[in-house]
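The structure under discussion appears below in the form of structure tokens.
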Amino acid sequence: MNTPSKPERIIIFDTTLRDGEQSPGATLNVDEKLTIARQLARLGVDVIEAGFPFASPGDFEAVQKIAAQVGTPDGPTICGLARATKQDIETAAKALSPAAKPRIHTFIATSDIHLEYKLRKSRQEVLEIAPEMVAYAKSFVDDVEFSPEDAGRSDPEFLYQVLERAIAAGATTINIPDTVGYLTPSEFGALIKGIKDNVPNIDQAIISVHGHNDLGLAVANFLEAVKNGARQLECTINGIGERAGNAALEELVMAMHVRRQFYNPFLGRPVDSEEPLTNIDTHQIYKTSRLVSSLTGMLVQPNKAIVGANAFAHESGIHQDGVLKHKLTYEIMDAQSIGLTDNQIVLGKHSGRNAFRTRLKELGYELADQELNRAFLRFKELADKKKEVTDWDLEAIVNDEAQQVPELFRLEHVHVSCGDHARPTATVILRTPDGEELTDAAIGTGPVDAVYKAINRVVDIPNQLIEFSVQSVTAGIDAIGEVTIRLKHGDHIFSGHGANTDIIVASAQAYMNALNRLYASLQTGRSLHPQHDEVASVGG
Ligand code: KIV
Ligand code: ZN
């Protein structure tokens with residue numbers, strides 16, 4: 001009997017942990033990267049680009065751990081980026097070696113601008129290096145991806161030649177980056193079509209696309225690329241990434257989910273096929289977005305498509321009336337389809353440790369005993385203040401714990417006094433890295449300002465607060481407030497996060513969290529943004 005072959009799907013290649021982490025201030029530590037990688041696996045991405053192993057020891061360690069712990073046989077492919085040099089490729093291969101399905105992604109620029117000013121190499125040299133390095137990568141792994149950086153501004157004829165040679169040398173995916181976000185949708189579609197029509201061995205590789213959002217066109221460009229034969233999309237959660245970011249995963253996936261009848265024929269399917277176009281579990285989208293936002297400190301704008309706070313909110317009376325009469329009047333997708341309403345009330349103040357552990361497990365969090373103890377204590381504190389503890393509250397606690405960098409300075413106590421006739425005054429007690437307990441106080445323009453000034457008097461590391469935001473995890477006056485801040489020290493940005501039902505305490509925790517990251521980086525003297533500092537000329 002002939003079994004029908006599985007219908008073709010769009011491969012989702014997530015680069016949140018590589019290109020996404022290149023967003024200024026989005027630097028993640030190894031544990032945070034692992035937490036995100038695990039969630040990406042639950043989301044169902046096909047490939048996780050876990051980092052750029054040659055860039056720094058921290059990146060190497062993160063890729064290696066993700067390869068070992070998330071790159072299991074039934075998990076996603078784990079990919080590492082490498083410039084087209086032997087050293088980069090060897091380092092990537094080593095970091096990826098624990099993965100069941102490792103992929104090396106090697107790249108070299110092909111545009112004349114990059115060749116002349118950045119690489120100082122001739123076209124002929126690039127024509128030789130690309131296949132040589134693909135073959136070298138192939139000597140370590142079967143799965144090799146090749147990118148001609150700045151393909152969008154490269155001479156197409158030259159691009160075809162480079163791609164043909166890369167495929168002949170063993171590249172199984174060829175990725176077409178619009179590195180500077182310059183192309184329009186029709187131009188990008190034409191570029192992919194040109195590659196399909198003019199690279200003789202193109203049928204031996206999957207065509208992938210990668211693009212930046214400088215003109216706000218990345219998602220539109222990718223969808224046009226799909227129509228013209230692209231089968232892998234490189235994207236990030238919330239669209240984070242270098243400069244204006246990358247194409248947003250959630251927008252691409254939901255566009256192809258909601259409009260599958262439109263896209264089906266381009267994948268050779270019957271128009272009305274209900275077969276999903278990607279392997280993504282759309283119910284995990286909202287949760288993943290929140291996790292990435294809180295760990296990177298990159299907030300999601302309220303009107304952001306799919307995952308913004310207002311994406312499913314109807315403000316005008318006419319819209320509300322219409323939606324009450326029939327959802328389809330103003331809604332093209334269901335909030336439930338991205339997991340937005342999976343907000344169950346599960347635990348309360350009488351719930352025990354076992355129920356807590358079990359629910360966390362169901363949500364996909366496996367905590368070590370010590371972490372579980374800390375999280376459980378926080379849950380109990382919360383349950384005392386708040387009658388109903390939801391899954392989102394639990395996630396806020398676990399995510400907040402995951403972000404705790406070693407507490408070099410520890411907040412022991414914070415007290416504020418303020419009011420409409422009082423000058424906001426804060427007292428803090430901090431424990432220093434040497435174990436000394438120091439107390440200080442300050443007056444500020446508001447309670448948070450007073451707390452931050454008091455903390456600064458103890459910690460004394462010059463910095464500038466450039467972003468401060470409070471969001472509530474659930475509705476209601478007793479909700480947990482999540483505070484996210486970004487501060488600047490020299491040219492570097494550090495994010496901090498705190499979660500508490502008292503937003504002054506959450507604000508103090510967020511500030512300490514960012515200061516501890518800053519302090520740790522000064523102590524180790526390690527690059528604050530390895531991908532930018534230690535490796536010149538990495539792609540965007
Ligand atoms: O934007 C870009 O060109 C990149 C490459 C490394 C793929 O990120
Ligand atoms: Zn990029």
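Treat the numbers as computed from the prediction; the structure is a model and nothing was measured. One-based numbering, in listed order, for ligands and for the atoms of each.
- Between His210 and His105 there is no side-chain heavy-atom pair separated by less than 4.5 Å.
- The proximity of His212 to ligand 1, defined as any non-hydrogen pair under 4.0 Å, is limited to the side chain.
- Considering only heavy atoms from C-beta on, Glu132 stays 4.5 Å or farther from Tyr136 through its side chain.
- Less than 4.0 angstrom separates some heavy atom of His210 from each of these atoms of ligand 1: 1 (O), 2 (C), 4 (C), 8 (O).
- Heavy atoms of Thr15 found under 4.0 angstrom from ligand 1: none, in either backbone or side chain.
- Distances below 4.0 Å separate heavy atoms of Asp19 from the following atoms of ligand 1: 8 (O).
- The ligand atoms of ligand 1 that sit less than 4.0 angstrom from a heavy atom of Glu149 are 3 (O).
- Side-chain contact between Glu234 and Asp19: absent, with no pair of heavy atoms (C-beta onward) separated by less than 4.5 Å.
- Angle NE2 (His210) to the Zn ion (ligand 2) to OD2 (Asp19): 90°, rounded to 10°.
- Two residues are said to be in side-chain contact when any heavy atoms from C-beta on lie closer than 4.5 Å; Leu34 and Ile66 meet this criterion.
- The shortest N/O to N/O separation between Ser147 and ligand 1 does not fall below 3.5 Å.
- The side chain to side chain contact (heavy atoms under 4.5 Å, CB included) test with Thr77 is passed by exactly one of Ile48, Asp143, Leu96, Asp46: Asp143.
- Only the side chain of Arg18 comes within 4.0 Å of ligand 1, judged by heavy-atom distances.
- Atom NE2 is the N/O/S atom of His212 found closest to the Zn ion (ligand 2).
- For Ser289, the side-chain hydrogen bond (donor to acceptor under 3.5 Å, both in side chains) partners at least two apart in sequence or on another chain are Asn238.
- Tyr263 has its side chain within reach of Lys227: a pair of non-hydrogen atoms, C-beta onward, lies under 4.5 Å apart.
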